[in-house]
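For reference, the structure is listed below as structure tokens.
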Amino acid sequence: MYVQKQWQAEGRHPFYYVEYLPKDYDPEKKYPLVFFLHGAGERVQDPHQAMLHGYMKYVREEGKEYPFIFIAPQCIGNAYWGSYTESLSAFLDYILETYPVDRSRVYLTGLSMGGTGTWMFAMARPGTFAALMPVCGSGIYWNVGNLLNTPIYMVHGDCDTCVPISNSVEMLTSINSRGGNAKLKICYGVGHDAWNYAYTDDDLLAWMLSQHL
């Protein structure tokens, strides 16, 4: 099931967010957490937009079920995720303190602007995430030091003209040349909508959920 909620904390940017809990959710158990950052096209004050793409699309449209807690904050207006790094961090801390999360299995993923946000947020929170899955995002290839101990699987379309695949190739090269652990799934013949392939790939999901701190 999923619900829409709002988080506020003094001195921090507030977030509307979507919460998804697994079937037969038991607050006495521990669950993996998938923290999702949406793209630029979903920056309107309507939490439903945070579910437009990604795993929640398939919950909404197909009734698909997942074995993890899913949290999707919403970025509104003309801002981008990098504007809210400190607030995102405080919000994530709230989630970790409020929900029965297995802290060795916290995963960060996002698409387009959210793929870029995945890179930026992970750089600001080293040691927090068991794995990253940035989808068609742009990274900061010269600032990957905090990512070298985190397994990463990128997804990008080779025909993407909005965020060229060279952005992911640069990150792949920079991370692995420094001893990190990054992979890149190239979606051949695909433009910017690589998320339609990333979030329906059961093998990729299994890879992510198999990672532990």
Side-chain angles (χ1 to χ4, degrees), residues 6-18 33-47 49-54 56 70-96 106-157 160-175 178 180 182 184 192-195 198-199:
Q6 184 176 17
W7 171 82
Q8 291 181 301
E10 185 176 357
R12 300 300 181 192
H13 180 81
F15 291 113
Y16 289 98
Y17 69 98
V18 171
L33 169 66
V34 174
F35 197 83
F36 173 77
L37 303 179
H38 64 71
E42 292 76 69
R43 290 181 296 177
V44 297
Q45 194 165 324
D46 175 3
Q49 293 298 303
M51 303 185 292
L52 189 62
H53 302 296
M56 288 302 98
F70 178 91
I71 300 291
Q74 189 172 36
C75 179
I76 62 175
N78 293 319
Y80 67 104
W81 290 116
S83 305
Y84 299 140
T85 301
E86 292 183 355
S87 294
L88 270 178
S89 190
F91 174 57
L92 177 58
D93 286 338
Y94 163 79
I95 296 298
L96 294 176
V106 179
Y107 309 107
L108 178 61
T109 183
L111 60 90
S112 191
M113 182 187 77
T116 302
T118 295
W119 289 121
M120 299 180 76
F121 193 24
M123 288 175 180
R125 294 275 309 217
T128 298
F129 303 106
L132 309 178
M133 192 173 76
V135 181
C136 59
S138 58
I140 307 172
Y141 71 90
W142 44 264
N143 190 41
V144 299
N146 283 346
L147 304 177
L148 301 183
N149 294 320
T150 304
I152 300 165
Y153 216 134
M154 295 167 268
V155 183
H156 218 124
D160 192 336
T161 58
C162 183
V163 181
I165 193 173
S166 58
N167 287 275
S168 287
V169 172
E170 284 183 338
M171 292 300 286
L172 179 78
T173 302
S174 185
I175 292 167
R178 290 167 170 80
L184 171 60
H192 193 50
D193 60 343
W195 52 80
Y199 296 109

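By convention here, the first residue in the shown sequence is residue 1.
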**Request:** Can you sort out the partners of Glu10 under side chain to side chain contact (heavy atoms under 4.5 Å, CB included), two or more places apart, ordered by chain and number?
**Result:** none

**Interatomic spacing from CH2 in Trp119 to CG in Leu132 - rounded to 0.5 Å** = 6.5 Å

**Pairs flagged by ring-ring contact (aromatic ring centres under 6.0 Å, His included) wherever residues 122-153 is involved - sequence neighbours left out** = Phe121-Phe129, Tyr153-Trp207

**Asked** Which residues satisfy the side chain to side chain contact (heavy atoms under 4.5 Å, CB included) test with Asn146, sequence neighbours excluded?
**Response** Pro126

**Prompt:** Side-chain contact, heavy-atom cut-off 4.5 Å: Leu147 with Ile152?
**Reply:** yes

**Message:** Testing the basics here: between Leu172 and Leu184, what is the closest heavy-atom pair and its distance to 0.1 Å?
**Reply:** CD1-N, 4.0 Å

Name every donor-acceptor pair, under 3.5 Å, that has one atom in a side chain of residues 162-171 and the other anywhere in the protein, sequence neighbours excluded.
from   : atom 1 : to     : atom 2 : distance (Å)
Asn167 : ND2    : Pro164 : O      : 2.9
Ser168 : OG     : His156 : ND1    : 2.7

**Residue pair Val144 / Ser174: nearest heavy atoms and the distance that separates them** = CG2-OG, 3.5 Å

**Message:** Please check this pair: side chain of Thr150 against backbone of Ala131, looking for a donor-acceptor N/O pair closer than 3.5 Å.
**Reply:** no

**Fill in**
Closest non-hydrogen contact found for Leu111 with Gly54 is CD2-N, 4.4 Å

**Residue list, ring-ring contact (aromatic ring centres under 6.0 Å, His included) with His13, at least two apart or on another chain** = Phe15, Tyr84

**Sequence-distant partners of Ser112, side chain to side chain contact (heavy atoms under 4.5 Å, CB included), two or more places apart** = Cys136, His192, Trp195

**Asked** Does the Thr118 side chain pair with the main chain of Gly114, one donor and one acceptor, at a distance under 3.5 Å?
**Response** yes

**Item:** Within residues 135-154 or reaching into it, pairs that qualify as salt bridge (Lys or Arg N to Asp or Glu O under 4.0 Å) - sequence neighbours excluded
**Value:** none

**Message:** Take a 6.0 Å sphere around CG of Asn143 and say whether it holds more than 12 heavy atoms from other residues, nucleotides or ligands.
**Reply:** yes

**Asked** Under the salt bridge (Lys or Arg N to Asp or Glu O under 4.0 Å) rule, what pairs show up with a residue in residues 107-133, not counting sequence neighbours?
**Response** Asp93-Arg125

**Request:** Find out whether Phe70 and Leu33 are in side-chain contact, i.e. whether some heavy atom of one side chain is under 4.5 Å from a heavy atom of the other.
**Result:** no

**Prompt:** Going by the salt bridge (Lys or Arg N to Asp or Glu O under 4.0 Å) test, which pairs reach into residues 107-122, not counting sequence neighbours?
**Reply:** none

**Asked** Among pairs that include at least one residue of residues 74-83, which meet salt bridge (Lys or Arg N to Asp or Glu O under 4.0 Å), considering only residues two or more places apart or in two chains?
**Response** none

**Request:** Return yes if some donor-acceptor pair links the side-chain N/O of Trp81 with the main-chain N/O of His38 below 3.5 Å, else return no.
**Result:** yes

**Considering all heavy atoms, the nearest Met133-Tyr199 contact** = CE-CE2, 3.3 Å

**Request:** Report the residues that fulfil side chain to side chain contact (heavy atoms under 4.5 Å, CB included) with Thr116, sequence neighbours left out, ordered by chain and then residue number.
**Result:** Met120, Ser138

**Prompt:** How long is the gap from OH on Tyr107 to CZ on Phe35, to the nearest 0.5 Å?
**Reply:** 15.5 Å

**Item:** Contacts of type salt bridge (Lys or Arg N to Asp or Glu O under 4.0 Å), residue Arg178, not counting sequence neighbours
**Value:** none

**Prompt:** Are any of the side-chain heavy atoms of Val18 and Ile71 separated by less than 4.5 Å?
**Reply:** no

**Item:** Heavy-atom closest contact (Ala194 atom, Val135 atom, distance)
**Value:** C-CG1, 4.0 Å

**Request:** Taking all heavy atoms of His53 and all of Phe36, pick out the closest pair and write down the distance.
**Result:** O-CZ, 3.9 Å

**Within-4.5 Å side-chain heavy-atom neighbours: Pro73 and Leu37** = yes

